[in-house]
Amino acid sequence: MKKVYGSAEEALDGLLFDGMLIAAGGFGLCGIPELLIDGLVKSGVKDLTVASNNAGVDGFGLGKLLDTRQVKKMMSSYVGENAEFMRQYLSGELELEFNPQGTLAERMRAGGAGIPGFYTKTGVGTVIAEGKELKEFDGEDYVLERGIFADISIVKAWKADDTGNLVFRKTARNFNPPAAMCGKTCLVEVEEIVPRGSLDPDHIHLPGIYVHRIIQGEHEKRIEQRTTRKREEA
Amino acid sequence: MPWDRNQMAARAAEELEDGMYVNLGIGIPTLVANYVGDKDITLQSENGMLGMGPFPFEGEEDPDLINAGKQTITELNRTSYFDSATSFGMIRGGKIAAAILGAMEVAENGDLANWMIPGKLVKGMGGAMDLVAGVKKVVVVMDHTNKHGDSKLLKACTLPLTGKGVVNRIITNLGVLDVVEGGLKIVDCAEGVSEDEIRAATEATIVN
């Protein structure tokens, strides 16, 4: 089965519907699926629920989908870097479900691993646990969290072969593998599609079984906080 | 004289032991890395990295290499990378020996509030709730009082909690206090600061 597609539009074709749930990889602007986000903007699909650790910045990353009002709800752990996000949220146009970062990652991983719910001590005794089932294990309280089963996943990897085996680069891996796992259909954009056999099977970060559609393209890879040190300090 | 930011960070670095895997929060906790000396400490960045190095030289920034504060950083010869689920697995699983983080309020029972002020802009808890729930030793570094002069060490937190009964040790500009049965215990005073001065600046119960 052919997994390689020519563009984000082609890859997204036939998968989109209003009100769908999308899991997106990335942390801040690092390792975000820039091309597939652009494809979603072009498609005009709306009332999206997006599970993503962050919500981009104004005019870049998921911020583009906020600017076009295509997002109904975000499931995130940290959203502060986006004025348009805050405007829509404070005016009630946009729903926001805060998830502790590790809980969000595990909810995605669990969904991809066929686990509908799990107990964690993260958030016990805080607003996060309100309305959720608590269970005691060995004298300690844990809160029930649900696996996320997304309609599609949109993720960014460094390299793929045409069977969808993925390699990520440095901290751009972040939420991409768990997000990829939890989608019914997983779309991946990479910097380079390499010939079959050129990736060391022992060094595959995510096996191609999780990957359904692959595109290749140029990435802007914008830096959110450029921090450096002076040479003489070394 | 109360400690300044760097002295607080230096005091916090004394909490770290050779061989520890440690997570440092933003603000003063980040400065702790400057004071670990010869100790073999591995810094975790919860976006998916163990062995975090210093900021890059100008022109060598890599957009694929950032810390949890989204700042460009570098890798070391011990560095490993992993995904977010694995990262929080090691946090929740108690593999990280210590977390040093800032706070708005700490209560005498170890409750911690550092993620939201009702009515103000709420950005989210990020990884803070997972860290305080899972890491073995939670050390808070913060000023003893807020800008109005009110104690930040309280009988009970007034702000929404990040974690319940999670704080082990508090390092302030006035000294070091441990969360123990019945309240807080003074374990160290900044040079020239007396125990009485710490008591006077603290709302929480101080036990002997």
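First the proteins, then the strands, lettered A, B, ... as listed; each starts at 1.
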### Query
Do the rings of His205(A) and Phe168(A) sit parallel, tilted or perpendicular, given the 30° and 60° boundaries?
parallel
### Message
Counting only non-hydrogen atoms closer than 4.5 Å, does Asn53(A) touch chain B with its backbone (N, CA, C, O), its side chain (CB onward), both, or neither?
### Response
neither
### Carboxylate-amine/guanidinium contact Arg69(A) Glu93(A), below 4.0 Å
yes
### Query
Between Leu65(B), Ile73(B), Asn67(B), Ile66(B), which residue shows the highest count of heavy-atom pairs closer than 4.5 Å to chain A?
Ile66(B)
### Query
chain B heavy atoms under 4.5 Å from Val79(A): which part of the residue, side chain, backbone, both or neither?
both
### Options Met86(A), Glu81(A), Arg169(A), ranked by heavy-atom pairs under 4.5 Å with chain B, top entry
Arg169(A)
### Query
Is the NZ or CZ atom of Arg231(A) positioned over Phe57(B)'s six-membered ring, under 6.0 angstrom from the centre and within 45° of the axis?
yes
#### Entry: Max heavy-atom pair count under 4.5 Å with chain A, selected residue of Pro160(B), Gly165(B), Gly127(B), Gly48(B)
Gly127(B)
### Task
Mark yes when over 12 heavy atoms from residues, nucleotides or ligands other than Ile26(B) sit less than 6.0 Å from its CD1; otherwise mark no.
no
### Query
Taking the six-membered ring of Phe149(A), is NZ or CZ of Lys184(A) closer than 6.0 Å to its centre and within 45° of its axis?
no
### Selection from Glu58(B), Lys164(B), Glu60(B), Glu75(B) maximising heavy-atom pairs under 4.5 Å formed with chain A
Glu58(B)
#### Entry: Part of Val122(B) lying under 4.5 Å from any heavy atom of chain A
both
#### Entry: Under 4.5 Å from a heavy atom of chain B, the part of Leu104(A) involved
neither
### Message
Is Ser80(B) in contact with chain A via its backbone, its side chain, both, or neither, using a 4.5 Å heavy-atom distance?
### Response
neither
### Message
Using a 6.0 Å distance limit plus a 45 degree cone around the ring axis, check whether Arg222(A) lies over the aromatic ring of Phe60(A).
### Response
yes
### Salt-bridge contact Lys221(A)-Glu191(A) (side-chain N to carboxylate O under 4.0 Å)
yes
### Task
Tell me, with the steps shown, if Glu220(A) and Lys64(A) meet salt bridge (charged side-chain N to carboxylate O under 4.0 Å, His left out).
CA-CA 14 Å; Glu220(A) 177 181 337; Lys64(A) 289 185 178 179; over 6 Å; no
### Query
With a 4.5 angstrom heavy-atom cut-off, which part of Arg226(A) approaches chain B: side chain, backbone, both or neither?
both
### Query
If you count heavy-atom pairs under 4.5 Å between each of Ala133(B), Gly134(B), Pro56(B) and chain A, which one has the most?
Pro56(B)
